[in-house]
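Just below is one structure, and these are the notes that go with it.
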Amino acid sequence: MINCFIFQDGSRRCKERKKTVSFSSMPTEKKISSASDCINSMVDGSELRKVRSNSRVYHRYFLLDADMQSLRWEPSKKESDKAKIDVKSIKEVRTGKNTDTFRTNGISDQISEDCAFSIIYGESYESLDLVANSADVANIWVTGLRYLMSYGKHTLNMIQSSQDNMRASWLGDLFDEVDVIGGKCISLCSAVQLIKKLSPGLKNVKIELKFKELHKAKDKTGSDVTKEEFIEVFHDLCTRPEIYFLLVQFSSNKEFLDTKDLMIFLEAEQGMAKVSEDISVEIIQKYEPSKEGQLKGWLSLDGFTNYLMSADCHIFDPEQKIVCQDMNQPLSHYYINSSHNTYLIEDQFRGPSDITGYIRALKMGCRSVELDVWDGPDNEPVIYTGHTMTSHIVFHSVIDIINKYAFVASEFPLILCLENHCSLKQQKVMFQHLKKILGDKIHTDPPNLEDNYLQSPSYLKGKILLKGKKLASNCTGSEGEVTDEDEGAEMSQRMNNEGGEQQTVVQPKKFQLSKDLSDLVTLCKSVRFKDFQTAFQNQKHWELCSFNEVFASRCATDHPGEFVNYNKKFLARVYPSPMRIDSSNMNPQDFWKCGCQIVAMNYQTPGLMMDLNIGWFRQNGNCGYVLRPAIMREQVSYFSANTKDSVPGVSPQLLHIKIISGQNLPKPKGSGAKGDVVDPYVYVEIHGIPADCAEQRTKTIHQNGDNPIFDESFEFQINLPELAMVRFVVLDDDYIGDEFIGQYTIPFECIQPGFRHIPLQSLTGEVLPHAWVFVHVAITNRRGGGKPHKRGLSVRKSKRGREYATMRILLIKAVDEVFKSAAQPLREATDLRENMQLLMYYLKTAQMLITCPFLPCSQMIQTSQTLLENSDSVYERILQVQKAAMEFHEKLHDMAMKEGLKGRKLHKSVESFTWNITILKGQADLLKHARAEVLENMKQIHYAALTCNLAKGVARPSSVSGSKGRRSLDAIPETMAEMIC
């Protein structure tokens with residue numbers, strides 16, 4: 001049975017009404033936090049699936065003998081003494097599907113990578129290939145077996161865990177601080193508060209209940225808590241097994257990370273560049289709670305947990321928390337955070353108006369607010385939506401608020417969208433208020449045709465731009481007639497219409513405009529849009545058109561390429577359809593993909609669409625301006641808003657996301673039917689161009705909001721990374737209708753790879769206290785993220801199977817000959833980049849910089865040097881073709897006409913020209929990026945070699961200029977191969 005629901009956030013979900021309980025989500029009596037816990041669990045035994053090369057799978061019960069000498073399974077046709085493996089004979093425990101049996105098995109695709117592991121044993125190196133019911137169970141066996149291999153029968157003695165000793169001494173010290181009278185026990189209330197302080201997300205009731213259960217199990221009377229009881233309850237409530245298993249992956253069979261272990265983790269997973277022991281020591285000193293760990297340079301499980309939950313491991317790139325984009329380009333090159341009918345705090349027809357709407361929007365970084373101004377009593381203009389029953393605000397009080405909050409969240413220009421419906425008499429009052437209150441903040445310089453910088457956010461810092469009607473330049477009087485823009489009249493007509501789809505178009509009215517007000521409008525003059533051809537011929541770059549959402553959608557559908565090209569030159573504002581009486585929001589992505597800069601949102605209405613808007617403008621320091629993708633700014637480039645395929649000149653990225661766990665997920669607001677029970681699951685949504693839009697969901701974890709373990713991985717191809725966003729949504733599974741718990745939306749370009757915590761936000765955008773989703777992220781060609789296959793680097797294409805960029809035919813002979821000469825350099829560029837990808841595979845596999853000094857270094861260095869030696873010349877040849885082709889740009893239309901191209905054929909020829917130019921520029925940029933990345937990777941090899949004393953007397957490299965004086969970056973020392981290998 002399939003049910004569909006509309007959620008509070010405005011999104012729609014369809015799913016099969018089927019509930020299954022995952023093995024990994026079942027509550028366990030004791031959380032795994034040490035190797036001894038793993039060994040004890042192995043002695044108890046687990047059901048595992050034994051995989052054979054003939055595609056057969058056998059369900060067997062595996063257990064470790066009590067003496068820890070042998071691994072056994074049952075039932076088996078073999079004699080009992082043969083259905084076992086001696087621990088001494090185990091050569092390797094390999095995680096994932098990394099044996100011939102797994103690779104050739106017909107059902108390999110149905111087996112989770114995280115649940116699979118293999119035991120390599122015996123003199124013949126046989127493999128026992130196993131699949132656990134969950135990643136947790138697989139981790140228990142892998143961890144336990146590796147400890148047994150390292151320490152044999154002395155394993156339990158070795159792991160009378162320094163981890164537990166560090167934890168016990170730390171917690172003991174905290175306990176003693178509370179036990180001021182030295183009675184060796186503290187009150188239940190004090191114990192609860194102490195654990196609450198250490199783990200703020202836990203509920204007092206749950207902590208208290210755990211102590212009472214412990215006392216009941218011991219038949220203890222009284223409520224006082226001993227030190228041992230305190231440590232035991234902390235262990236049960238505050239241990240996160242998923243973090244323990246992560247720790248032991250990097251700890252070389254220890255119960256803590258030393259400085260070198262941490263260095264490997266930081267470089268391989270978190271993508272940190274130039275990692276040193278000093279950085280590791282700094283992290284340990286900052287996050288390790290135990291004195292022993294701080295003194296010895298050890299990061300315990302609790303210290304590692306503190307680090308992973310800190311701001312250092314937030315998913316949002318800290319570089320994007322400040323302004324980091326080029327702010328010197330024209331305003332039309334940016335997306336601008338915009339509000340619609342900012343004064344309204346509820347619906348569009350009867351809702352109240354309030355100055356708090358402006359305060360909220362401006363504090364959130366909004367850079368375009370709307371003022372709908374009408375004649376008011378006592379000669380004071382008022383703001384409200386005309387022809388509706390919305391309440392009024394006095395104009396000057398709104399200007400006061402704007403003056404106070406305009407540049408609190410951002411120093412970049414604020415656009416006041418002024419819908420002026422006032423008489424000349426009250427227009428004079430408007431002008432007086434604007435000049436008196438805002439004064440020199442209003443930008444009044446005339447537009448400059450020569451210098452784009454004079455129309456840039458950087459130049460216009462601290463300035464307020466008025467968007468409105470403007471008198472013709474030849475008007476000499478104190479007033480003149482202009483066309484009115486009245487969104488309220490449009491809405492009123494919709495309301496009065498009795499529901500028929502055929503509706504009369506609102507005819508624009510004329511009204512008198514004061515020259516004083518007109519002169520305040522400079523870079524944002526409002527004009528009516530007729531069609532694209534007229535706009536390209538007549539519209540000035542300082543003129544702005546407002547598009548009704550419905551009309552803008554039609555333009556995006558019918559003329560996607562022309563709409564994008566229009567927005568390269570002119571500002572376009574899109575406002576919601578008058579049908580949105582309830583103040584619901586349109587999807588801003590529908591118009592951002594067309595290049596529309598000002599997409600006006602109803603800030604008072606939370607949900608999916610506002611999540612996208614807020615998430616998008618988090619980047620670039622939340623300053624309200626985001627630079628649009630280059631493909632949408634460059635004069636000659638090809639991009640269609642409705643593309644359902646890869647984008648020419650842009651390298652698609654593979655995004656690999658593993659949803660590991662959640663922490664402290666609250667029950668949905670207003671939900672009381674199930675008490676405190678939460679059945680969470682997570683949706684991962686991709687928003688962007690049509691080719692990128694996708695979503696995946698995890699299974700439901702029943703009755704666990706405290707620390708649900710999901711352990712599910714998803715992969716998405718992102719064709720236009722600069723315009724993509726990722727939204728994580730946590731919902732409560734309920735038969736009647738799933739309910740919203742929390743969400744977080746982030747631009748793709750702001751995601752940090754590695755192990756990251758995501759802070760959840762409520763429906764209205766507030767941060768949910770202590771509520772997180774723990775994830776692992778890997779992205780193609782981006783530093784960090786662990787194993788190469790998770791970044792899409794495992795699939796290698798041979799030369800024969802590679803896809804090479806090709807030029808389109810224009811049917812203009814001279815131009816086609818020029819583009820034809822690009823075939824060879826484009827092919828060479830692709831080969832160089834693909835070979836670099838293969839190099840990356842070797843560089844990143846199993847943290848080989850530290851652990852695998854015997855890899856074929858000479859081959860690796862040779863591949864890098866081939867790219868470095870040839871990329872400059874290939875890059876130049878591609879640019880030469882591009883330059884030669886651009887010489888035809890101005891006369892392309894005439895050349896096509898001479899070749900007899902007309903109508904559709906002419907349009908197709910021009911489109912092919914822009915496509916080819918886009919391909920050439922994109923491939924050149926990709927090659928330049930590949931070269932820079934190889935240079936950086938070679939430096940990392942060198943730093944790693946120095947760190948591990950593998951280099952042969954070579955000093956740390958410094959940046960030197962390329963000897964040939966071309967577009968080269970830093971040169972690599974010629975002795976690199978000898979130095980490392």
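- Here CD1 of Ile355 is found 4.0 Å from CD1 of Ile401. Values are rounded to the nearest 0.5 Å.
- The minimum heavy-atom distance between Glu346 and Ser583, with the atom names listed, is O-OG, 2.7 Å.
- For Ser456, the side chain to side chain donor-acceptor pair (under 3.5 Å) test picks out no residue, with sequence neighbours left out.
- Here the two rings, on Phe547 and Phe563, have centers that are under 6.0 Å apart.
- A search for side-chain contact (heavy atoms from CB on, under 4.5 Å) contacts involving Ala409 returns nothing, not counting sequence neighbours.
- To the nearest 0.5 angstrom, Asn548 atom CG is 8.5 Å from Arg554 atom CZ.
- No option in Leu362, Leu438, Leu465 other than Leu362 meets the side-chain contact (heavy atoms from CB on, under 4.5 Å) test with Leu414.
- The side-chain heavy atoms of Leu544 and Ile415, taken from C-beta on, include no pair separated by under 4.5 Å.
- Here Glu890 pairs with nothing under the side-chain contact (heavy atoms from CB on, under 4.5 Å) rule; sequence neighbours left out.
- Listed by chain and residue number, Lys568 satisfy the side chain to side chain donor-acceptor pair (under 3.5 Å) test with Asn565 (two or more places apart in sequence, or in another chain).
- Contact detail for Tyr459 and Leu454: the closest heavy-atom pair is CD2-O, 3.3 Å.
- Using a 4.5 Å heavy-atom cutoff, the side chains of Phe529 and Tyr566 are in contact.
- Closest non-hydrogen pair, Gly688 versus Cys693, comes out as O-SG, 3.5 Å.
- Test Ser338, Ser368, Ser546 against Arg573 for side-chain hydrogen bond (donor to acceptor under 3.5 Å, both in side chains) and you get one pass: Ser546.
- A distance of 6.0 Å separates SG of Cys524 from CG of Leu571, quoted to the nearest 0.5 Å.
- With sequence neighbours excluded, the residues that form a ring-ring contact (aromatic ring centres under 6.0 Å, His included) with Tyr638 are Trp915.
- Sorted by first and then second residue, the salt bridge (charged side-chain N to carboxylate O under 4.0 Å, His left out) pairs involving residues 531-550 (not counting sequence neighbours) are Lys525-Glu543, Glu549-Arg580.
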Side chain to side chain contact (heavy atoms under 4.5 Å, CB included) between Lys461 and Phe407, worked out: CA-CA 9 Å; Lys461 279 181 185 178; Phe407 302 106; over 6 Å; no
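- Heavy atoms only, all atoms of each residue included: Arg367 and Phe412 are closest at NH1-O, 2.7 Å.
- Note that CE of Met579 is 7.0 Å distant from CD1 of Ile581, once rounded to the nearest 0.5 Å.
- No more than 12 heavy atoms of other residues, nucleotides or ligands shown are found within 6.0 angstrom of CD on Gln533.
- Glu562 places no side-chain N or O within donor-acceptor distance of the main-chain N or O of Phe532, the cut-off being under 3.5 Å.
- The backbone N or O of Val521 lies less than 3.5 Å from a partner atom in the side chain of Lys470, making a donor-acceptor pair.
- Side-chain contact between Asn585 and His340 is absent, with no heavy atoms from C-beta onward closer than 4.5 Å.
- By the side-chain contact (heavy atoms from CB on, under 4.5 Å) test, Asn719 pairs with Ser646, Pro652, Ile689, Ala691, Asp692, Gln717, sequence neighbours left out.
- At a threshold of 4.5 Å between non-hydrogen side-chain atoms, the residues Ile393 and Val382 do not count as touching.
- The two atoms that bring Met364 and Tyr603 nearest to each other are SD-CD2, 3.8 Å, heavy atoms only.
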Derivation of the side chain to side chain contact (heavy atoms under 4.5 Å, CB included) call for Ile383 and Tyr358: CA-CA 12 Å; Ile383 291 177; Tyr358 290 95; 4.0 Å; yes
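- Checked by atom type and distance alone, the side chain of Ser339 never pairs as donor or acceptor with a backbone atom of Ala361 at under 3.5 Å.
- Here Gln512 contributes atom CD and Ser423 contributes atom OG; the two are 11.0 Å apart, rounded to the nearest 0.5 Å.
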Using residues 617-625 as the side-chain source, report each donor-acceptor pair under 3.5 Å to any protein atom, sequence neighbours left out, with the distance given to one decimal.
{"from": "Arg618", "atom 1": "NH1", "to": "Thr745", "atom 2": "O", "distance (Å)": "2.5"}
{"from": "Arg618", "atom 1": "NH2", "to": "Gln761", "atom 2": "OE1", "distance (Å)": "2.8"}
{"from": "Gln619", "atom 1": "NE2", "to": "Trp616", "atom 2": "O", "distance (Å)": "3.0"}
{"from": "Asn620", "atom 1": "OD1", "to": "Cys324", "atom 2": "N", "distance (Å)": "2.8"}
{"from": "Asn620", "atom 1": "OD1", "to": "Gln325", "atom 2": "N", "distance (Å)": "3.0"}
{"from": "Asn620", "atom 1": "ND2", "to": "Tyr625", "atom 2": "O", "distance (Å)": "2.8"}
{"from": "Tyr625", "atom 1": "OH", "to": "Pro413", "atom 2": "O", "distance (Å)": "2.7"}

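- Remark: Glu481 pairs with no residue by the side chain to side chain donor-acceptor pair (under 3.5 Å) rule, at least two apart or across chains.
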Asn328 and Ser458: CA distance, side-chain angles, deciding distance, side chain to side chain donor-acceptor pair (under 3.5 Å) verdict: CA-CA 5 Å; Asn328 298 321; Ser458 185; 3.2 Å; yes
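- Under the rule for a side-chain contact (heavy atoms from CB on, under 4.5 Å), the partners of Pro721 that lie at least two apart in sequence or sit in another chain are Val650, Gln653, Ile718, Phe748, Glu749.
- Proximity of Leu371 to Ile399: side-chain heavy atoms (C-beta onward) are separated by under 4.5 Å at one or more points.
- Environment of CD in Gln635: sparse, with no more than 12 heavy atoms of neighbouring residues, nucleotides or ligands closer than 6.0 Å.
- Partners of Tyr384 under the ring-ring contact (aromatic ring centres under 6.0 Å, His included) rule, at least two apart in sequence or in another chain, are Trp374, His392.
- No side-chain heavy atom of Lys921 sits under 4.5 Å from any side-chain heavy atom of Ser637.
- For residues 396-406, every residue pair satisfying the side chain to side chain donor-acceptor pair (under 3.5 Å) rule, not counting sequence neighbours, is listed here: Asn403-Lys441.
- Between the side chains of Ser584 and Asp582, at least one donor N or O sits under 3.5 Å from an acceptor N or O.
- For the atom pair Asn587 CG and Leu608 CG, the distance stands at 6.5 Å (nearest 0.5 Å).
- Looking at heavy atoms from C-beta onward, Leu627 lies in side-chain contact with His333 at the 4.5 angstrom threshold.
- Annotation for Met610 and Asn602: closest pair CG-O, 3.9 Å, computed over non-hydrogen atoms.
- Under the 3.5 Å distance criterion, the side-chain polar atoms of Gln597 are matched with a main-chain donor or acceptor of Ser332.
- The shortest distance between side-chain heavy atoms of Thr522 and Trp542 does not fall below 4.5 Å.
- The closest donor-acceptor contact from the side chain of Gln426 to the backbone of His421 lies at 3.5 Å or more, if one exists at all.
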